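Beneath this line is the structure, given in C-alpha cells, with notes to follow.
What's counted below: heavy atoms across the whole structure, side chains too, no hydrogens, waters or symmetry copies. Quick caveat, the model's predicted, so the values are computed rather than measured.
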Amino acid sequence: MKLVRDTSLIFQRQMQLLLRNPVWILVGVFQPVMYLLLFAPLLKPALGVRTNAEAYEIFVPGLLVLLAIFGGLFQGFGLIAELRAGVIERSRVTPVSRFALLLGRSLRDTVSLLAQAVIITLLALVFDLRVFIGNLLLAYLMLALISLMTSAVSYGVALAVKSEDALAPLMNTVAQPVLLLSGILLPLTFAPGWLQAVADWNPFSWAVNGVRALFLGDLGAPEVWQGLLIMAVLAALALTWAARLFARSVR
Amino acid sequence: MIETRGLRKSFMSRQGREKKTVDAVRGVDLTVDEGEIFGFLGPNGAGKTTTLRMLATLIEPDGGEATIAGADLRKDPGEVRRRIGYVAQGGSTWDDSTAREELVLQARLYGISKSVATERAARVLEGFQLSEYADRKCKTYSGGQRRRVDIALGIIHEPKVVFLDEPTTGLDPQSRAHMWDEVRRLRADGMTVFITTHYLDEADALCDRISIMDNGEIVASGTPAELKREISGDVVRVGVSSPARAAEALGSADFINKLETHEDSVRLYVDEGGTAIPLILRALDNASVPLGSIELHRPSLDDVFLTKTGRSLRES
Ligand SMILES: Nc1ncnc2c1ncn2[C@@H]1O[C@H](COP(=O)(O)OP(=O)(O)OP(=O)(O)O)[C@@H](O)[C@H]1O
Ligand SMILES: [Mg+2]
C-alpha cells in the first residue's frame with residue numbers, strides 16, 4: 001500500500017512538471033509525425049506493397065517501438081538534473097519507498113510515450129491504417145513494457161555515472177546496435193542469414209515482430225506472447241536493478 | 001539526542017590512473033543534547049558534510065555507531081529517517097516547482113495526509129515569511145529566499161533533530177542574521193539543531209555548543225566560551241602613564257595568571273576578564289595609580305583553532 005501511495009505521489013509530481021512544459025509535448029509529437037508524413041511514403045515502393053495501409057502496418061509498429069526505446073533511454077538526463085538540484089537527495093532522507101522513486105518516474109515516461117503512440121495511431125488511421133482495438137491495446141502494453149524497461153535502464157545508468165557527459169555516449173552506443181539489429185525501421189525479411197541470426201538475440205527484435213503481428217491482426221501469432229513475455233521479464237529486471245541504485249548512496 | 005562513537009568514512013577517488021583513499025572522517029565521537037543548537041565548525045574539506053550525510057542515512061559509515069533521537073543508525077536507518085530532517089549544503093529545490101508544491105510533496109513523502117500537508121505548508125511558509133512568493137516558481141527566488149525554502153523543507157514534518165549544512169553560506173549579512181533568528185526559532189519550537197559552518201562568528205553567536213573539526217577529526221568540543229577560556233583566558237590591557245607602578249600594585253593579585261609590562265600599558269592574563277576588571281580597578285585605585293584606559297581582549301575561536309591545529313581558520 002505504501003508503495004502504491006508513494007509511487008502515485010512521485011508520479012503525480014512528475015506528470016505535473018511535464019505538463020507545465022508544453023514545448024516538450026509539441027516536440028514529442030512533432031518528430032514522429034514527420035517520420036509518418038515524410039518517411040513512410042518512401043516505404044510503399046521499397047517494401048513492394050500495394051497500398052498505403054500495408055506500408056503503415058509495417059512501418060507504424062516499428063516507429064512506435066523506436067519511440068519507446070529512445071524515449072526511455074534518454075530519460076536519464078532529467079534525473080541527472082534532479083540529482084544536481086539536490087531533489088533526489090531530499091527524497092532519499094525521507095522514508096519514501098526507493099522503488100517508488102524509480103517507478104513513479106518510469107510510469108510518467110510510459111504515460112507520455114503512450115500519449116505519443118495514440119496520436120501517431122490516430123494519424124495513421126487517416127492514412128488508411130486499420131487495426132482491431134483489442135490488438136492495439138495489446139500492442140500498447142508491449143510499448144509500455146519497453147518504455148518501463150528502457151527508462152529504468154537509463155535511470156540506473158544515470159545514477160551510476162552521474163554526469164551527462166558519460167550518459168550521452170553510453171546511451172547512444174546502446175541504442176545504435178539495438179536499432180540496427182532489430183528490424184525496427186525495415187523488417188529483416190530481406191536481410192542476409194547472419195544478420196537475422198544476430199537479430200534473434202536482440203530482444204527488441206522480438207518485441208517489434210510481436211507488435212507487427214498485432215497490427216496485422218494476427219493475435220494468435222507466437223511472436224505476440226513471446227515478445228510480451230521477454231519484455232515483461234526484462235522490464236522487471238531493469239526496474240529491480242535501478243531501484244537498488246536508488247536505495248544505494250548517491251552523491 | 002545524538003550520540004556517535006568512532007564514526008568513520010573513506011572515499012576512493014581516482015586521479016588519472018592512480019587510486020587514492022581519502023579518509024574524509026576518521027573516528028568522530030560526539031554528543032548532542034536535546035534542544036540545543038550544536039555547531040560543527042571547520043574549514044573546507046574537514047569532513048563536516050560527510051559526517052552529516054552519514055548521520056542522515058545518505059551514506060553508510062565504514063565504521064562506528066550512532067544513535068539519533070533514540071534510533072540506531074546502523075540497525076534502523078528507516079526509523080532515523082522518520083525522526084530527522086536534513087538540509088543539504090547545495091540546496092534542494094526544483095526550478096520549475098513552487099515552494100508550496102515542494103513543501104506539500106515533502107510532507108506527503110513522510111506519510112502525512114494531503115489536507116494536513118497543505119495546512120502545514122501554509123503555516124511553515126508563513127513562519128519563514130515566504131507566503132508572498134509561495135506560488136512562484138523556485139527559479140525566481142533570491143538566494144536567501146531559496147535557502148529559507150530549503151530549511152522549511154527540512155522541518156515540514158516536525159522532526160526531533162534537524163541537520164543544517166551551511167545554511168548561511170552565500171547570504172548577505174542581513175539574510176544571515178535572519179537565518180540565525182530562524183534557527184533560534186527552531187530551537188524554541190523544541191527542535192535539536194545540528195548546524196555546520198565555517199564562520200567563526202556564527203559558531204560563536206548562534207551555537208550553544210560546538211565541535212571544531214579539522215581533517216576528519218574533532219580537535220575540540222565545548223561551549224564557545226569554554227573553548228576560548230581553555231585556550232588562554234582573557235587579556236586585559238590597562239593603559240597607564242607609569243606601568244611600573246601599576247605592575248607593583250597588581251603584582252601580588254592571585255587572579256592574574258601572568259603580567260607583562262609595556263611602554264605605556266600593562267597586559268594582564270586572566271581567566272575571566274569580566275570578573276577581573278572590577279578587581280583590577282579596585283587595586284589600582286587603592287594604590288592611587290591614575291588609569292588612562294582599560295580594554296578587554298577575548299580570544300576568538302580562531303585562536304582556539306590556531307592552538308589546536310597550528311593553522312588559522314581564516315587562512316585555510
Ligand atoms: N563522494 C566522494 N568521493 C571522494 N571524495 C569525497 C567524496 N565526498 C567527500 N570527499 C572528500 O572528503 C573530504 C571531506 O569532504 P566534506 O564534503 O565532508 O567536507 P566539508 O567539511 O563539508 O567541507 P566544505 O566546508 O567545503 O563543505 C574532502 O577531502 C572531500 O574531497
Ligand atoms: Mg560541506
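- Heavy atoms of B:E101 lying under 4.5 Å from chain A belong exclusively to its side chain.
- A donor-acceptor contact shorter than 3.5 Å is absent between the side chain of A:S151 and the backbone of A:Q75.
- Taking the ring axis of B:F128 as reference, the NZ or CZ atom of B:R185 stays within 45° of it and closer than 6.0 Å to the ring centre.
- Heavy-atom distances place the side chain of A:R13, and not its backbone, under 4.5 Å from chain B.
- Between chain A and the options B:R82, B:E102, B:H157, the largest number of non-hydrogen pairs under 4.5 Å is found for B:E102.
- Both the backbone and the side chain of B:L109 have a heavy atom closer than 4.5 Å to some heavy atom of chain A.
- Between B:F194 and B:F40, the ring-plane angle classifies as perpendicular under the 30° and 60° cut-offs.
- Judged by distance alone, with hydrogens and angles left aside, the side-chain atoms of B:D172 form a donor-acceptor pair with the main-chain N or O of B:S175 at under 3.5 Å.
- With hydrogens and angles disregarded, no donor-acceptor distance shorter than 3.5 Å links the side chain of B:D23 to the backbone of B:S10.
- Between the side chain of A:R98 and the backbone N or O of A:V96, at least one donor-acceptor pair lies under 3.5 Å.
- In this structure, chain A has a heavy atom under 4.5 Å from the side chain of B:K137, while its backbone stays farther away.
- Not one N or O on the side chain of A:T7 forms a donor-acceptor pair closer than 3.5 Å with the backbone of A:A100.
- The part of B:L153 that comes within reach of chain A is its side chain, from C-beta onward, which places non-hydrogen atoms under 4.5 angstrom from that chain.
- A:L9 touches chain B through backbone and side chain together, each having a heavy atom under 4.5 Å away.
- Of the atoms belonging to A:R84, not a single heavy atom falls under 4.5 Å from chain B.
- Interface remark: A:Q16 contributes side-chain atoms only to the contact with chain B (heavy atom separation under 4.5 Å).
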